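Contents: one structure, followed by commentary.
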There are 2 protein chains.
Amino acid sequence: MPATTVPQRRESALSRERIVDAAIALLDATGEQGLTFRALSERLATGAGAIYWHIDNKHALLMAACDAVVARAVNAPAAEAKPADKIRSVALGLFEAMDAHPWAGAALSRAGGQLPVVRILESLGQQVRALGIPDAWQWSTTSALMSYILGVGGQNAAHAQLARQQGFDRTDTMTEVSQAWLQLDQDTYPFTRSMASSLPRHDDRADFLAGIELILRGMASQDPR
Amino acid sequence: MPATTVPQRRESALSRERIVDAAIALLDATGEQGLTFRALSERLATGAGAIYWHIDNKHALLMAACDAVVARAVNAPAAEAKPADKIRSVALGLFEAMDAHPWAGAALSRAGGQLPVVRILESLGQQVRALGIPDAWQWSTTSALMSYILGVGGQNAAHAQLARQQGFDRTDTMTEVSQAWLQLDQDTYPFTRSMASSLPRHDDRADFLAGIELILRGMASQDPR
DNA sequence: ACCTGAACACCGTTCAAGT
DNA sequence: ACCTGAACACCGTTCAAGT
């Protein structure tokens, strides 16, 4: 028992972790534009400026929230799986995380070399290596995989945001988009028009996984250069 | 000579097109956060609220700006090329457009079923069809291609934005990112660390094209299901 | 029909002042 | 060391009023 004990924090004491948790809850509840320092500080029963003692700025807050979501998704896969299966599993975990937290999909799709993206890169890169992809191609292969995953996340986030501001669910929103596509000119948009009617019935998750298989097949068929 | 002639507009008259052109110039000059109605109306020598007569809101303005950029990029490819070459050419055109206009990369990566994205979808989808991909796979194949392209655009936009706010050029920014990656823990980030040192020397364009080849190879190797 | 520009209801961020 | 909350410098958008 040392004389100087670490001062016990009150249950309500602020901390970076509590702030990030509250931010995630707020983002889930009110969407990307619902995250404001005023709303967040109210939720934390503190002053608006207090948060700045623990977090640099709004961008850092959003990245920290993304990082928490990504970390959970990426650490999920079982250790014994084969490399290709691990890639499938990490990819699906990220898809579902971004589906559950569309704001994360939107933020990650433009998160550059930031920590949450590095987490994804590492997780995929290790498996690309384990698959025996030659050194010279590991980078471009891993980035391609990641860009695809984040690209899907970004597009889905847009759909989710559209749905939110319409007050619709996903199917209704997709029906709306489908209607709009059917108005397009037949001659200049033949492909889009032909896809329009089946759009609301598509399984996003299955489409996403089909894209992963496409890339995995490309990786399997050798021919560097 | 009809008695009622269409009133000749003054050179300085506002129009949707002039507004969008000015917005693109402003975005190129000052980045995504530089586009404000105040700055734009000053550039157009008009009142802040006047723009709302021609454009619904800021999101519509940004989409219109993206659409102009995308339309130029997508209409470029020569008509006689083979489908796979056309895909390469459209993809590269989009890459370069998003490289020249990072704000477009950022906006498109989260643009859902909006018009500029439809333009890309159509352009890619027509070639996917021409390649003979079976009906059941045309959608997932085309979306995968597009998600990859937009994913890369989003990530590059983040790098460009980081560079802008640092006042650095791309190489300096990548050197900075590389340094940060070298600080990561060796045991948890072996892949990222091993890639860090060569990061600033990478050719983004070549990496992007390698990803397109990966997907094209996956498309070529049959095996539906 | 088209434009003006003040006004409104917000933002993120700072910072003197408190404990 | 940590927190408060008013203040600052912005935003997007609206709208009465003009031409």
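Bear in mind the structure is a predicted one, so any value in this text is a computation, not a measurement.
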Rounded distance [0.5 Å steps], CE in Met195(A) versus CH2 in Trp181(A):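 If we round to the nearest 0.5 Å, Met195(A):CE and Trp181(A):CH2 are 9.5 Å apart.
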
Whole-Å distance separating the [atom1] atom of [X] from the [atom2] atom of [N]:
X: Tyr52(B); N: dC3(C); atom1: OH; atom2: C1'; answer: 15 Å
X: Lys58(A); N: dC11(D); atom1: NZ; atom2: C1'; answer: 12 Å
X: Gln33(B); N: dG12(C); atom1: CD; atom2: C1'; answer: 12 Å
X: Phe37(A); N: dC10(C); atom1: CZ; atom2: P; answer: 18 Å
X: Ile55(A); N: dC2(D); atom1: CD1; atom2: P; answer: 14 Å
X: Asn57(B); N: dC15(D); atom1: CG; atom2: P; answer: 15 Å
X: Ile51(B); N: dG5(C); atom1: CD1; atom2: C1'; answer: 13 Å
X: Trp53(B); N: dA1(C); atom1: CH2; atom2: C1'; answer: 6 Å

Take atom C1' in dA16(D) and the same atom in dC3(C), then report the distance between them in whole Å.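 The same atom, C1', in both gives a distance of 13 Å.
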
Nearest-nucleotide pick for Arg38(A), side chain only, options being dC3(D), dA7(C), dA7(D): dA7(D)

Which nucleotide wins on minimum distance to the side chain of Thr36(B), given the candidates dG12(C), dC3(D), dC11(D)? dC11(D)

Could you walk me through whether Tyr148(B) and Tyr148(A) pass the ring pair (Phe, Tyr, Trp, His ring centres under 6.0 Å) test, one step at a time? CA-CA 4 Å; Tyr148(B) 168 68; Tyr148(A) 169 68; 8.2 Å; no

Is the number of heavy atoms from other residues, nucleotides or ligands within 6.0 Å of CD (Gln33(B)) greater than 12? no

Hey, does the side chain of His59(A) come within less than 4.0 Å of dG12(C)'s phosphate (OP1/OP2), counting only N and O?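 Checking His59(A) against dG12(C): no side-chain N or O falls below 4.0 Å of OP1 or OP2.
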
Does dC3(D) have OP1 or OP2 under 4.0 Å away from a side-chain N or O of His54(A)? yes

Any side-chain donor-acceptor pair under 3.5 Å between Ser194(B) and Arg129(A)? yes

Quick one: label Leu35(A) by what it contacts on the DNA or RNA (base, sugar-phosphate, nothing), any heavy atom closer than 4.0 Å. sugar-phosphate

Please name the nucleotide paired to dC15(D) by Watson-Crick or G-U wobble geometry with both distances under 3.5 Å, or report none. dG5(C)

Starting from the C-alpha separation in whole Å, work towards a yes-or-no answer on salt bridge (charged side-chain N to carboxylate O under 4.0 Å, His left out) for Arg170(A) and Asp204(A). CA-CA 11 Å; Arg170(A) 207 203 75 91; Asp204(A) 284 352; 2.7 Å; yes

